Amino acid sequence: MFHIYEGFHLVDTYHKMRYQRKYNPDTKRAIKIALVILVTLGLWNMPSEWFGIQNLTVIQQRVIAIFAFATLMWILEIVSSWATSVAIIVLMLLFCSDSGIAPMVNEEEVGKLLSYKGVMASFADPVIMLFIGGFVLAIAATKTGLDAQLAKVLLKPFGTRSEMVLLGFLLVTGLFSMFVSNTATAAMMLTFLTPVFRQLPPEGKGRIALAMSIPVAANLGGMGTPIGTPPNNIALKYLNDPEGLNMGLGFGQWMMFMFPLVIVLLFISWRLLLKFFPFTQKTVELKIDGGMEKGFQSTVVVVTFIVTILLWLSDRFTGINANTVALIPFCVFALTGVINKRDLEQINWSVIWMVAGGFALGYGLNASGLAANAVESIPFGEFSPLLILLLGGAICYMLSNFISNSATAALLMPILAIVCGAMGDKLAPIGGTGTVLIGVAIAASSAMILPISTPPNALAFATGYVKQNEMAKMGVIMGVISMVLGFGLVYLMGTLHVL
C-alpha cells in the first residue's frame, strides 16, 4: 500500500532488504528450517503423556505442534510473517478440522475436530474489519493530499525555532501514527524532513534528533488508538470476545487513557532528544510541498474522516462498535468513487494475514479444548498476578525488539488470555485481565532498540544520520519509561474499574 505515500522509495528499499535476508538460500537458513521441522514433527508424534496435560487428544497435540511451528517460524524469520500465518491456517484446515484429510481426521480416533468455517472465519473477524477501515482511511487521505495538508497545518504553529520544530515533528508524527500505518507515517515524515536536514550543519547533532524523532513518535503514537498498531487490535479482540472476557472496551474508552499517556511520552522523548542530541543551529525553515486537492472527493474524505473519528469516540453513546464504524468510510468512499478497485490492491493484506494467523491459533487453542485441558492440568490460579504482568510484558518487549510486534502479540495474547481466565479473581489486585493484555500491547510498542525492531526504526537508520548505538540508547530509555508509565496507568485504571 505504500507506493502512494511520500517516501515510498524508503519503504520499498527496506522491504526488499528484508526479503533478500529471509529468502537468501544459505547454510544458516537451512539449519533453521531443519530445526523447525524437527521440533514440529517431534511434538506432533511424541507420546501424549509426555506433555503433562490430562486427557490430551490427538487434535490438541497437533495444535501444540502447530503453535510451536508458528513460534519458531516467527522468531527465526525464515519466511515473511504473513506467510507463516497462511501456513498456520492451512495446517489447521488439513489436519485438525472437519474438512481435513479424511484418514487423519477421524473424530472417533483423534478427538474433537475444529470447524473449518471457524478457522477460515479468522480472516473475517470483526477486528480485521477495523484494520481494513483504518487502511482505507489512510489511502483516501493520501490520494486527496489530506495527509500532507494536515502536516503543513499542524506543523506551522511550531514556528522556526529548532527545538519547537523537533517538538512539532514528534507530536504530528505521533498523531498520524494513531490512525495511519506507522511505516507509512515514518516514510512520509522523513520525506518532509529531507530539506530540513540540508539546512543543519553536519557537525551538530540536530540531524540525529530530528531523524530519531520520527521512529520514536511513530512507535509511541501507535499506542493511542485501537487501530494504531496491530498488537492493540489483537488485545482488543481478546478483551471484547463475547465468548471470552466480553469487557466491551470501546475505541473512545481506549483513547481516554492511552492518548494522554502518548502525549506525556512524546514530551519526555522531546526533552531526552534535546539532551542527548542538542541543536547548534537555533532556527530552521520548514517547507512542505503538496497539499489537498480541491473538489467533491476531498470534501467527502474530510467529512467522512471527521464523522468516523467522532463515531469511534462516541461508541458508548451511539451503540455502534468500532469494528462496524470502520466499514462506514469503506462504504462511503466506494459509493462516491474516492477509492476504486486498484486502491483496494494497496491495502496492506500482509498485516491482515499476519493477524488472522494469530487469531486462528487462538481459535485452535480454545475450540479444540486444549485451553480447557491446560487450565485443569496447570495450576494457573497459584501464580502471582504481578509475576504474570511483568513476565508477559518482559517477554513481549524482548521478542518485539527482534521480530514483528504483530507476531509477538499473536503468540502471547491467546496464551495470556487463557492464563488470566484461569486465574479468575486473583488478578483483581492488579486491575484484572485488561491490565495484563493492554500491558503486553504497550510493551510491544515500547520495543525500539534496534534498526530491525520496527520498520520506522529501519527507515530512520537508512537516512545515515542515526548510528545503531544512538538508537539503542534512546530506545532503551524510552522503552523503560514507556512500560513503567504504561503499566502504572493500566494498573490504576484497572483498580479504579475504568477498564
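Since this is a predicted model, take the numbers as computed values, not measurements.
The shortest distance between side-chain heavy atoms of Phe461 and Pro215 does not fall below 4.5 Å. You'll find the side chain of Phe359 stays beyond 4.5 Å of the side chain of Met413, heavy atoms only. Tyr238 has its side chain within reach of Pro414: a pair of non-hydrogen atoms, C-beta onward, lies under 4.5 Å apart. Within the 4.5 Å cutoff, the side chain of Leu266 has no heavy atoms near those of the Trp270 side chain.
Here the closest non-hydrogen pair linking Thr225 and Asn232 is O-ND2, 2.8 Å. Residue Ala187 comes nearest to Leu459 through the heavy atom pair N-CD1, 3.9 Å, listed as atom of the first residue, atom of the second, then distance.
Put simply, the side chain of Asp315 never gets that close to the backbone of Ile320: no donor and acceptor are under 3.5 Å apart. In this structure, the side chain of Asp98 engages the main chain of Tyr116 through a donor-acceptor pair within 3.5 Å. When atom types are taken as modelled, the side chain of Asn401 and the backbone of Ile449 share a donor-acceptor pair closer than 3.5 angstrom. Put simply, the side chain of Ser181 gets close to the backbone of Ala184: a donor and an acceptor are under 3.5 Å apart. At distances below 3.5 Å, at least one donor-acceptor pair connects side-chain atoms of Thr435 with backbone N or O atoms of Ile430. Looking at Ser482, its side chain never comes within 3.5 Å of a backbone N or O of Gly479 through a donor-acceptor pair. Thr229 contributes no side-chain N or O that, together with a main-chain N or O of Gly222, makes up a donor-acceptor pair within less than 3.5 Å. Remark: the backbone N or O of Thr144 is not paired with any side-chain donor or acceptor of Gln297 at under 3.5 angstrom. Trp353 places no side-chain N or O within donor-acceptor distance of the main-chain N or O of Ala83, the cut-off being under 3.5 Å. Of the possible polar contacts, none joining the Asn240 side chain to the Lys237 backbone as a donor-acceptor pair under 3.5 Å is found.
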Steps toward side-chain hydrogen bond (donor to acceptor under 3.5 Å, both in side chains) verdict (Asp125, Ser122): CA-CA 5 Å; Asp125 188 276; Ser122 300; over 6 Å; no

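Using cut-offs of 30° and 60° on the angle between ring planes, the pair Phe251 and Trp312 is parallel. Aromatic ring orientation, Phe257 versus Trp254: tilted (interplanar angle from 30° to 60°).
Here the straight-line distance linking atom CG of Leu130 with atom CZ of Phe135 works out to 10.0 Å at 0.5 Å rounding.
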